[in-house]
Amino acid sequence: MSSPILILASASPARRQLLRSAGIDPIICPSDLDESQVQLSNPVALVQTLAQLKGERIAAGIRCKDVAPHSPNPEQPESVLVLACDSVLVLGDRIYGKPANPEEAIARWQLMRGEVGELYTGHAIVDISQNITLVNCQVTKVHFAKVSDSEIEAYVATGEPLNCAGCFAIDGRGSLLVEKIEGCHSNVIGLSLPLFRRMLLELGYTLENLW
Ligand SMILES: Nc1nc2c(ncn2[C@H]2C[C@H](O)[C@@H](COP(=O)(O)OP(=O)(O)OP(=O)(O)O)O2)c(=O)[nH]1
């Protein structure tokens, strides 16, 4: 299989950095999808549907010749893959996305502290060349520390939780507020790298194709 061009349909610096740290440098094409258009009560269905809509939105506008200049071999039509993700936090029987404002973030942390939440990330890979879309989901349990009101206020004041679906960044200051996780660490950040590898293999690619 030829070396695919990877497009990351995401505006998330965290998702981009996860891939770059793993030696993969994607073309960045944020989907700008209006996520409010999808209302599903099942978290797996919700994140998988949103990831697929994000990926297909970008794939619909991509013609292989548009990305050929990025190809290591412009004369050779390349495989083009579009990767998209979506994350939510499930706490009890409720699904949460990014907090809308600091007040909401404080209230969220007052619910989260001392509890165990589940961070769901949906993953979609659209293989434009093979006309195949793979969708999958990874869940990681997160044990939140019993933080005080003043710690919550200090954390929210940093602004970090406002950009995160779970209202915390496991790779940032939020790491101080998480006792432990059960499952994939990169999945919490927003892209499960081992799941991405398995999805690539399922499409017939290997890591060597991307390194
Ligand atoms: N650095 C970091 N970011 C996190 C963490 N947990 C969640 N996030 C960020 C990654 C994503 O930007 C965001 C998840 O929200 P979404 O899945 O709706 O993605 P977002 O709208 O930000 O970007 P995208 O839809 O991919 O363009 O939260 C974490 O532990 N660390």
Side-chain angles (χ1 to χ4, degrees), residues 6-22 24 26-40 43-62 81-91 95-102 104-105 108-109 112 116-126 135-145 147 155-156 158-193 195-196:
L6 180 66
I7 296 170
L8 177 61
S10 175
S12 168
R15 290 188 171 121
R16 183 164 61 238
Q17 188 52 43
L18 278 171
L19 288 171
R20 285 183 173 158
S21 301
I24 298 168
I27 298 167
I28 304 302
C29 289
S31 72
D32 298 329
L33 180 78
D34 173 10
E35 300 184 23
S36 64
Q37 65 182 297
V38 178
Q39 300 288 329
L40 291 170
V44 174
L46 177 63
V47 294
Q48 288 190 168
T49 300
L50 283 168
Q52 184 167 353
L53 288 173
K54 292 176 184 180
E56 289 178 345
R57 184 180 170 89
I58 293 300
I62 295 288
L81 304 177
V82 181
L83 169 64
C85 298
D86 190 77
S87 300
V88 297
L89 176 73
V90 173
L91 198 64
I95 300 175
Y96 296 98
K98 295 180 191 174
N101 53 54
E104 185 176 318
R108 179 95 60 85
W109 262 102
M112 287 157 59
V116 180
E118 291 180 313
L119 203 297
Y120 286 72
T121 298
H123 301 65
I125 300 181
V126 181
V135 179
N136 210 318
C137 179
Q138 187 86 11
V139 187
T140 305
K141 282 188 187 296
V142 183
H143 296 243
F144 298 108
V147 291
Y155 181 48
V156 172
T158 70
E160 181 179 278
L162 299 176
N163 302 313
C164 299
C167 202
F168 71 100
I170 194 78
D171 52 330
R173 290 179 172 87
S175 55
L176 290 160
L177 312 181
V178 170
E179 292 292 348
K180 67 174 181 179
I181 67 171
E182 294 174 66
C184 181
H185 180 266
S186 60
N187 185 61
V188 178
I189 297 173
L191 163 57
S192 172
L193 293 169
L195 174 57
F196 173 58

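Values below: every heavy atom of this structure, side chains too, minus hydrogens, waters and symmetry copies. Numbering of ligands and ligand atoms starts at 1, following listing order.
Side-chain contact between L19 and L191: present, with at least one pair of heavy atoms (C-beta onward) separated by less than 4.5 Å.
The salt bridge (Lys or Arg N to Asp or Glu O under 4.0 Å) check on E104 picks up R108, with sequence neighbours excluded. R173 is linked by a side-chain hydrogen bond (donor to acceptor under 3.5 Å, both in side chains) to nothing, counting only residues two or more places apart in sequence or in another chain.
Sorted by chain and number, the residues within 4.0 Å of ligand 1 by heavy atom are S10, A11, S12, A14, R15, E35, K54, D86, S87, K98, N163, C164, A165, F168, A169, I170, D171, V188, I189.
Side-chain atoms of R15 and T121 form no donor-acceptor pair, as typed in the model, at a separation below 3.5 Å.
Each salt bridge (Lys or Arg N to Asp or Glu O under 4.0 Å) pair with one or both residues in residues 43-54, not counting sequence neighbours, appears once here: E35-K54, K54-D86.
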### Task
Would you sort out whether H143 and E182 count as a side chain to side chain donor-acceptor pair (under 3.5 Å), showing the intermediate values?
CA-CA 8 Å; H143 296 243; E182 294 174 66; 2.4 Å; yes
